[in-house]
Protein chains: 2
Amino acid sequence: MIKLMKKRLTRQESRAQTREKLLEAAAKIIARHGLAGTSIEDIAETAGFSRGAFHANFKSKDELFLTLVEKQMKATIFEIDELHAVTDSVEEKLQNLRTVYPRYTGSDRDTFLLITEAQMYALRNPRFGKKLRALFSTIYDDLIQSVERLQEQMGCKDPVYAKQLVLIGFGLSHGLILHNLMDPERYPDSMVSDSMRLVFDKIFSLEEMSLGIH
Amino acid sequence: MIKLMKKRLTRQESRAQTREKLLEAAAKIIARHGLAGTSIEDIAETAGFSRGAFHANFKSKDELFLTLVEKQMKATIFEIDELHAVTDSVEEKLQNLRTVYPRYTGSDRDTFLLITEAQMYALRNPRFGKKLRALFSTIYDDLIQSVERLQEQMGCKDPVYAKQLVLIGFGLSHGLILHNLMDPERYPDSMVSDSMRLVFDKIFSLEEMSLGIH
DNA sequence: ACACTCAGATACGTTACTGCATCTGAGTGT
DNA sequence: ACACTCAGATGCAGTAACGTATCTGAGTGT
């Protein structure tokens, strides 16, 4: 867009830029064709480079993929933190809590596919699995703390339960979005958000009523 | 095992047997390495044959994969139907309903991986997506009917809600199992079943209390 | 402005997969 | 038992992908 100012880039800038373009292209293509179904050449070509550029920036496809997933997750963490900072009232926090999950699970189709692809890959490669688990833990622990704080504010506290609550949130969100993408006519967006709301309202009414006994 | 009786097979039998072995091998390997990460040669070799055997039995990897998924789903449908037939009391039906989802979503690791792989593939190939959607519909409609009958028995009926309920069941189950496989220490089996129970109890208590108004 | 350096392109050799064509031997009909 | 057929093995050629090595030209130091 603002291509007119693209004069005279320093070497570092240039390198960083192609790296970025490669990552961007990879995100798109891997989401569409899967990791194994994507060749290095595909990525490089889509980014507008040759394979040489790829090898100059990444050791292997795996390395690029890990970088990519990390970047994506960090971005999500940032988004979530930002959202959390704004909240004030209990109702708002509850509201946000419901919307946070889908945001992480993948706000758009490509993000969802990418993250799920990463999870599938993790289930097959123990080494990658370990790294991905660490990344997820960051997000989850963050959210668990939020939930605990919220519970405290609501007058009940049970860490085990908070953990389980977050699991339900993420699990449900993931499953619902998958169904939505698989069959949007049968499971429209509205049905997904309704289901999310339904479960959360019920779970939290349990909170209020029985003080977190599960 | 009972290899001693493996004398004199008729041609049809022999063919069917290798076909079966190929499918079996494919299920294992595709679960472990993904569809794109599995070569025809891998499948044939694992089954104890050469590539020739593969091509004599299947046109392409895609055809084999579809056959495989169909077979898996049909087996699941059978299992579920069987389970349904046994039920008598409302409590038992409710109980079963909770256990049905994980069974379909993938009782063992490989089954889960295979089905999820199929879903990922479906999201990328419209043609395959259509077929998979049809397969899923069979299971889902079946279950929706069961839920409706159960609701009727419990004195409330709302078809939209039944559909949503099934969506929640399958979605949650899928997400929970994924988390369990990704990080069994953090999300042990017990936590998965507890979460499943928690949500279902709450949802169905809603049923009882508000007669299905959502 | 001149030599230097490094990001990225091009060229090459190697490996792996696929589909097709051909071959072989075990089941089959007479 | 003899000729036949077809399941499955083997051989071959074409393609796609990878990693490495070498080349080129645009940023950089003096």
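Everything numeric here is computed off the predicted structure, so don't read it as measured data. Chain letters run A, B, ... following the sequence lines, proteins first, then strands; residues in each count from 1.
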Can you tabulate the close N/O pairs, meaning under 3.5 Å, that link protein atoms to atoms of nucleotides 11-13 of chain C?
none

*Locate the shortest heavy-atom distance separating V166(A) from I144(A); write the atom from each residue and the value.*
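Closest heavy-atom pair between V166(A) and I144(A): CG2-CG1, 3.6 Å.
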
Roughly, in whole Å, what's the span from [atom1] in [X] to [atom2] in [N]?
X	N	atom1	atom2	result
E20(A)	dA7(C)	CD	C1'	17 Å
E41(A)	dA9(C)	CD	P	12 Å
E45(A)	dG8(C)	CD	C1'	16 Å
F58(B)	dC17(C)	CZ	C1'	19 Å
L64(B)	dG19(C)	CG	P	12 Å
H33(B)	dC17(C)	NE2	C1'	16 Å
L22(A)	dA7(C)	CG	P	13 Å
I40(B)	dA9(D)	CD1	P	14 Å

Between the side chains of [Y] and [X], is the shortest nitrogen-to-carboxylate-oxygen separation below 4.0 Å, so that they form an ion pair?
X	Y	answer
D62(A)	R127(A)	no
K202(B)	D201(A)	no
K71(A)	E20(A)	yes
R19(B)	E24(B)	no

*On the 0 to 90° scale, with breaks at 30° and 60°, tag the Y140(A)-F136(A) ring pair as parallel, tilted or perpendicular.*
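Plane angle over 60°, so perpendicular.
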
Using OP1 and OP2 only, check whether a side-chain N or O of [X] sits under 4.0 Å from [N].
X	N	answer
N57(A)	dA7(C)	no
T10(A)	dT28(D)	yes
S14(B)	dG8(D)	yes
R15(B)	dA7(D)	yes

*Taking the six-membered ring for Trp, are F112(A) and H174(A) ring centroids under 6.0 Å apart?*
yes

*asked:* So that I know where these two stand, are F49(A) and F54(A) an aromatic pair - ring centroids less than 6.0 Å apart?
replied: no

_Quick check on DNA chain C: between S60(B) and T18(A), whose nearest nucleotide comes earlier from the 5' end?_
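In this pair, the answer is T18(A).
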
*Given dG8(C), dG19(C), dG19(D), which nucleotide is nearest the side-chain atoms of A56(A)?*
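So the side chain of A56(A) is nearest to dG8(C).
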
*The side chain of R11(A) lies closest to which of these nucleotides: dG8(C), dG8(D), dC6(C)?*
dC6(C)

*With a 4.0 Å cut-off on heavy atoms, is S50(B) in touch with a base, just the backbone sugar-phosphate, or nothing at all?*
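It contacts base atoms.
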
*Treat a base pair as Watson-Crick or G-U wobble with both distances under 3.5 Å, then lay out DNA chain D in dot-bracket form, 5' to 3', with | for cross-strand pairs.*
||||||||||||||||||||||||||||||

*Name all pairs fulfilling the side-chain hydrogen bond (donor to acceptor under 3.5 Å, both in side chains) condition that reach into residues 35-44 of chain B, sequence neighbours left out, sorted by first residue then second.*
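For residues 35-44 of chain B: S39(B)-D42(B).
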
*Give the C-alpha distance, both sets of side-chain angles, the deciding distance and a yes or no for side-chain contact (heavy atoms from CB on, under 4.5 Å) between F200(B) and Y101(B).*
CA-CA 11 Å; F200(B) 265 73; Y101(B) 296 105; 3.3 Å; yes

